[in-house]
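Data block below; observations after.
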Protein chains: 2
Amino acid sequence: MNAPVTLAHIKTACSTCNLRELCLPVGLKRDEVESLDELVYTRMKVKRGESLFRTGDDFASLYAIRVGFFKTRVATEDGRDQVTGFQMAGELIGIDGIVTDHHNCDAVALEDSEVCVIPYSKLEELSRKFEVLQHHFHKVMSREIVRDHGVMLLLGSMRAEERLAAFLLNLSQRFTARGYSSSDFILRMTREEIGSYLGLKLETVSRAFSKFQDDGLISVQQKHIRISDIAGLKKVMGQTGSTC
Amino acid sequence: MNAPVTLAHIKTACSTCNLRELCLPVGLKRDEVESLDELVYTRMKVKRGESLFRTGDDFASLYAIRVGFFKTRVATEDGRDQVTGFQMAGELIGIDGIVTDHHNCDAVALEDSEVCVIPYSKLEELSRKFEVLQHHFHKVMSREIVRDHGVMLLLGSMRAEERLAAFLLNLSQRFTARGYSSSDFILRMTREEIGSYLGLKLETVSRAFSKFQDDGLISVQQKHIRISDIAGLKKVMGQTGSTC
DNA sequence: GAAACAGCTTGATCCAGATCAAACCCTCTT
DNA sequence: AAGAGGGTTTGATCTGGATCAAGCTGTTTC
């Protein structure tokens, strides 16, 4: 007896989304979350390899990832580029566009994905009304800044194996938060993309994977990673390489 | 005939601050800027070498730099640290604290400085009232994210000399925006701090300075830098080092 | 199911920047 | 004005990761 319209509505509402504990609605009260249902009324599918947005595109919306996996990257004029992050379900992308009204990076789907479109002007409007939403949005941006500083620390002062260990531990922890196994997962990105993110060449990434496998920390089968010694990985991350 | 009270008020008000074209009030209308005068009612002096805040401190306020120069840095448990930015007059620091209600980096004055204290809850309150202020604050955070991505690109894919050239050009441009010479300035930070920011050792920074001087791009006298060939520096930044 | 291709691994060699070391230059203190 | 100490420069050597090269593995296409 349910009209398709109703079903469609249920499917696109934040209030019934199974990601609401990870995504924008975190911490909002029932009626506040329901107000988001009017904010988020469009979904978009992005096929693997396609861009959700590119550097220079007009900025109008943020995107909450519903299903799938993305990378963001920035590039120089002379062709070099740098992966600035990997984003998974529940994470928000597009914030880079606010400052100039144009996007300042590319967002590329690493698998077939689906995003919720959040018109930015609407978000500003609603967050003027709902203190909790406002604060949560500020937290999301602040978290991104803190995360970026962590990546700078990694790029500026860690050795190759420490970087890869940090990367794996970070992925593991984010999978856990989404209810997936913390020790057994499929990498959605290539060795080259991992290398770009970590400031290493793909061969170095590959060698570090092999080293970790030889040391019994993980097992690697192409993109399938199984972490067998989390504590060991943490130890790799902590060591400075200095002898004191 | 002016009472001292009035003078004091003039001195602490955003509406009469000579940084209002760089700082929080950018783009605000007259009455909106005046509303900021109620937001910013405390100033603080921070002596050279002292911290404005440290990792772990309770977060309550953002700080707008009125006079002086700061660095922010993050550290690992095992003692390594990384400078994440250098901030000058008109720039906002402390945003890193929003996400966890505790600061996530240290902010250290590199010269005797003065900051305006912006109670964060008050800022949220006012930016619910003033759309323009809200949008401007979002832009500040978005700009910080975009800047951080630029630093990741630098750390992940540039050679030592390219990094230093990018750093000098960035400083030059920010000095210009503040009405100082774009080609003649005093570095407030040590070679070691520059190195930490750029992911290099201090000796490498020093050598790159000497190289630029030998090549006639700049002249260096300790912390006094004079850029004699901006275009040349830009060319250094653009070259990949590859032969194709 | 063969061919083509993209991605991955491993080995050999090279080099940019790190590390070690020493001297130098400022600035501040007494 | 001498001395101390932090910061800087420069030289010599070392090394982690880049680069070059070849073979391997899994997946897609026809």
Side-chain angles (χ1 to χ4, degrees), chain A residues 47-49 71 80 82-83 108 110-112 154-167 186-215 218-225 236 239-244, chain B residues 47-49 71 80 82-83 108 110-112 154-167 186-215 218-225 236 239-244:
Chain A
K47 282 219 166 310
R48 178 178 168 189
K71 70 172 175 184
R80 279 177 294 183
Q82 171 78 21
V83 171
V108 181
L110 296 181
E111 59 180 16
D112 291 355
L154 177 146
L155 290 171
S157 69
M158 290 188 180
R159 326 271 303 309
E161 285 171 22
E162 297 178 86
R163 295 183 198 190
L164 189 64
F167 171 73
I186 303 292
L187 297 175
R188 248 69 235 211
M189 68 294 281
T190 67
R191 301 290 190 259
E192 187 168 24
E193 287 163 334
I194 297 173
S196 171
Y197 182 58
L198 299 177
L200 303 169
K201 292 291 157 187
L202 70 94
E203 294 94 330
T204 306
V205 173
S206 176
R207 277 183 241 271
F209 272 128
S210 303
K211 176 70 164 29
F212 287 170
Q213 182 159 247
D214 292 349
D215 293 352
I218 64 176
S219 63
V220 187
Q221 253 173 319
Q222 300 287 123
K223 308 214 152 180
H224 181 186
I225 304 289
V236 169
Q239 78 206 9
T240 50
S242 78
T243 44
C244 56
Chain B
K47 282 219 167 308
R48 179 179 166 186
K71 69 172 175 184
R80 276 176 295 183
Q82 171 78 19
V83 171
V108 181
L110 296 182
E111 59 180 16
D112 292 353
L154 178 147
L155 290 171
S157 68
M158 289 187 181
R159 326 266 306 305
E161 286 171 22
E162 298 178 85
R163 294 184 199 189
L164 189 64
F167 171 72
I186 304 292
L187 297 174
R188 251 67 235 213
M189 67 295 277
T190 66
R191 302 290 190 261
E192 187 168 25
E193 287 162 335
I194 297 172
S196 171
Y197 181 59
L198 299 179
L200 302 169
K201 291 294 158 185
L202 70 95
E203 294 93 331
T204 306
V205 173
S206 177
R207 276 183 241 271
F209 271 128
S210 302
K211 176 72 164 28
F212 288 170
Q213 181 159 246
D214 292 350
D215 293 352
I218 63 176
S219 64
V220 187
Q221 252 173 319
Q222 300 289 122
K223 309 214 148 175
H224 181 186
I225 304 288
V236 168
Q239 78 204 12
T240 51
S242 77
T243 44
C244 56

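Chain naming here is simple, since letters A, B, ... match the order of the sequence lines and numbering starts at 1 in each.
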Exercise for review: Could you tell me which residues satisfy side chain to side chain contact (heavy atoms under 4.5 Å, CB included) with A:Thr190, sequence neighbours excluded, listed by chain and number?
Suggested key: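 Per chain and number, A:Thr190 pairs via side chain to side chain contact (heavy atoms under 4.5 Å, CB included) with A:Glu192, A:Glu193, A:Lys223.
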Review point. Reckon B:Ser210 has a side-chain N or O less than 4.0 Å from the OP1 or OP2 of D:dT10?
Key: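 Yes, B:Ser210 has a side-chain N/O under 4.0 Å of OP1/OP2 on D:dT10.
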Does the side chain of [X] reach to within under 4.5 Å of the side chain of [Y], using non-hydrogen atoms?
| X | Y | result |
| --- | --- | --- |
| B:Phe167 | B:Val205 | no |
| A:Arg188 | A:Lys71 | no |
| B:Tyr197 | B:Ile194 | no |

Could you tell me how far apart [X] ([atom1]) and [N] ([atom2]) are, to the nearest whole angstrom?
| X | N | atom1 | atom2 | result |
| --- | --- | --- | --- | --- |
| A:Glu162 | D:dG16 | CD | P | 12 Å |
| B:Glu192 | D:dT9 | CD | C1' | 15 Å |
| A:Leu155 | D:dG17 | CG | P | 13 Å |
| B:Arg191 | D:dT10 | CZ | C1' | 13 Å |

Which heavy-atom pair separates [X] from [Y] by the least distance, and what is that distance?
| X | Y | value |
| --- | --- | --- |
| A:Ala160 | A:Thr204 | CB-CG2, 3.8 Å |
| B:Leu198 | B:Arg163 | O-NH1, 2.7 Å |
| B:Ala208 | B:Leu164 | CB-CD2, 3.6 Å |

Exercise for review: Using atom types as modelled and distance alone, determine if a side-chain donor or acceptor of A:Ser196 lies under 3.5 Å from a backbone N or O of A:Val83.
Suggested key: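 Present.
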Between the protein and nucleotides 18-25 of chain D, which nitrogen or oxygen pairs come in under 3.5 angstrom?
from	atom 1	to	atom 2	distance (Å)
D:dA18	OP1	A:Lys201	N	3.4
D:dA18	OP2	A:Lys201	N	3.3
D:dA18	OP2	A:Thr204	OG1	2.2
D:dT19	O4	A:Arg207	NH2	2.9
D:dC20	N4	A:Glu203	OE2	3.3

Point to revise | DNA chain C: 5'-most and 3'-most nucleotides touching chain B, 4.0 angstrom heavy-atom criterion | key: C:dA16 to C:dC20
Check your understanding: How would you label the contact of A:Ser206 with the nucleic acid (heavy atoms, under 4.0 Å): base, sugar-phosphate, or nothing?
Key ->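 Base contact - A:Ser206 has a heavy atom under 4.0 Å of at least one base atom.
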